[in-house]
Engineer: 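Could you have a look at this structure, given as structure tokens, before my questions?
The structure presented is a predicted model; accordingly, all values stated were derived computationally and were not measured.
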Amino acid sequence: MIPNMAHEMESYADGLRFTVALSVGVAIVIGVLRILKGWPIQYMIIAGYIGVVILTAFAPESIIGVAYDSGGVTTSTITVPLVTALGVGLASSIKGRNPMIDGFGLIAFASLLPMMFVMVYGMVVA
């Protein structure tokens, strides 16, 4: 029974890692689309946090802390400079975009979406 439980925990942890990685990738894609299309960031962030609050109400209690921590862990010392450089560089290269306004916000998405994805993962798996 113990080896089976260890395998289940390892599988759960692998799924959690994959979920966080996938959510960061999706967040970067959404952020890049936002820069390319010129969508206003404030509405996207507000909608995202409303989604987080709603998911928090329905997610299993055991996953909520992990979900909120996964949003913070994605803003590491490697991720922030690389993703910020991507946003500012992309906004600088597109005519009519202001890198100081349009180039930021990717980190907000990279911390917001993992919270949502992990809570959904907890609802699906638990």
Engineer: Indicate yes or no: at least one non-hydrogen side-chain atom of Phe109 is less than 4.5 angstrom from one of Val26.
Structural biologist: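 No, their side chains stay 4.5 Å or more apart.
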Engineer: Any side chain to side chain donor-acceptor pair (under 3.5 Å) pairs touching residues 31-52, not counting sequence neighbours?
Structural biologist: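 Found none.
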Engineer: Less than 4.5 Å apart, any side-chain heavy atom of Pro114 and any of Val24?
Structural biologist: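 With C-beta onward as the side chain, the pair touches.
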Engineer: Within the 4.5 Å heavy-atom criterion, are Met123 and Pro60 side-chain neighbours or not?
Structural biologist: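 Of all side-chain heavy-atom pairs linking Pro60 with Met123, at least one is under 4.5 Å.
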Engineer: Could you see if Met44 belongs to whatever hydrophobic cluster contains Ile46? Use Ile, Leu, Val, Met, Phe, Trp, Tyr and a side-chain cutoff under 4.5 Å.
Structural biologist: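 Linked within one cluster.
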Engineer: Would you say Phe18 ends up clustered with Val125 if hydrophobic residues are merged whenever their side chains have heavy atoms under 4.5 Å apart, either directly or through other cluster members?
Structural biologist: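 As far as the 4.5 Å side-chain criterion goes, Phe18 and Val125 are not connected within one cluster.
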Engineer: Take Tyr121 and Tyr12 through the ring pair (Phe, Tyr, Trp, His ring centres under 6.0 Å) test and state the conclusion after the steps.
Structural biologist: CA-CA 10 Å; Tyr121 176 74; Tyr12 184 78; 5.5 Å; yes
Engineer: With side chains defined as the heavy atoms from C-beta onward, is the minimum distance between Tyr68 and Val52 less than 4.5 Å?
Structural biologist: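 The answer is yes; the side chains approach within 4.5 Å.
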Engineer: Within a strict 4.5 Å, meaning less than it, do heavy atoms of the Val20 and Arg17 side chains meet?
Structural biologist: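 SC-SC contact between Val20 and Arg17 ruled out.
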Engineer: Checking Leu113 against Ile30 for the side-chain contact (heavy atoms from CB on, under 4.5 Å) test, could you report, in this order, the C-alpha distance in whole Å, the side-chain angles of both residues, the deciding distance, and whether it holds?
Structural biologist: CA-CA 10 Å; Leu113 281 183; Ile30 291 172; 3.8 Å; yes
Engineer: Are the side chains of Leu36 and Leu90 in touch, meaning some heavy atoms are under 4.5 Å apart?
Structural biologist: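 Side-chain contact under 4.5 Å: yes.
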Engineer: Could you check if a side-chain atom of Val66 sits within less than 4.5 angstrom of a side-chain atom of Ile63, using non-hydrogen atoms only?
Structural biologist: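 Side-chain contact under 4.5 Å: yes.
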Engineer: Give, for atom OG of Ser70 and atom CE of Met115, the distance between the pair rounded to the nearest 0.5 Å.
Structural biologist: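 Ser70 atom OG to Met115 atom CE measures 7.5 Å (nearest 0.5 Å).
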Engineer: Count I, L, V, M, F, W, Y as connected when their side-chain heavy atoms are under 4.5 Å apart, and connections chain through other members. Are Leu55 and Leu22 then in the same cluster?
Structural biologist: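 Yes; Leu22 is reachable from Leu55 via cluster members.
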Engineer: Could you name each residue pair satisfying side chain to side chain donor-acceptor pair (under 3.5 Å) that touches residues 79-97, not counting sequence neighbours?
Structural biologist: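 For residues 79-97, and leaving out neighbouring residues, the side chain to side chain donor-acceptor pair (under 3.5 Å) pairs sorted by first residue read Ser76-Thr79.
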Engineer: Side-chain contact test, heavy atoms from C-beta onward, threshold under 4.5 Å: evaluate it for Ile41 versus Ile101 and give yes or no.
Structural biologist: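 SC-SC contact between Ile41 and Ile101 ruled out.
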Engineer: Using a 6.0 Å cut-off, check whether atom CD1 of Ile78 has over 12 heavy atoms from anything other than its own residue.
Structural biologist: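 Counting neighbours around CD1 of Ile78, 12 or fewer heavy atoms of other residues, nucleotides or ligands fall under 6.0 Å, so no.
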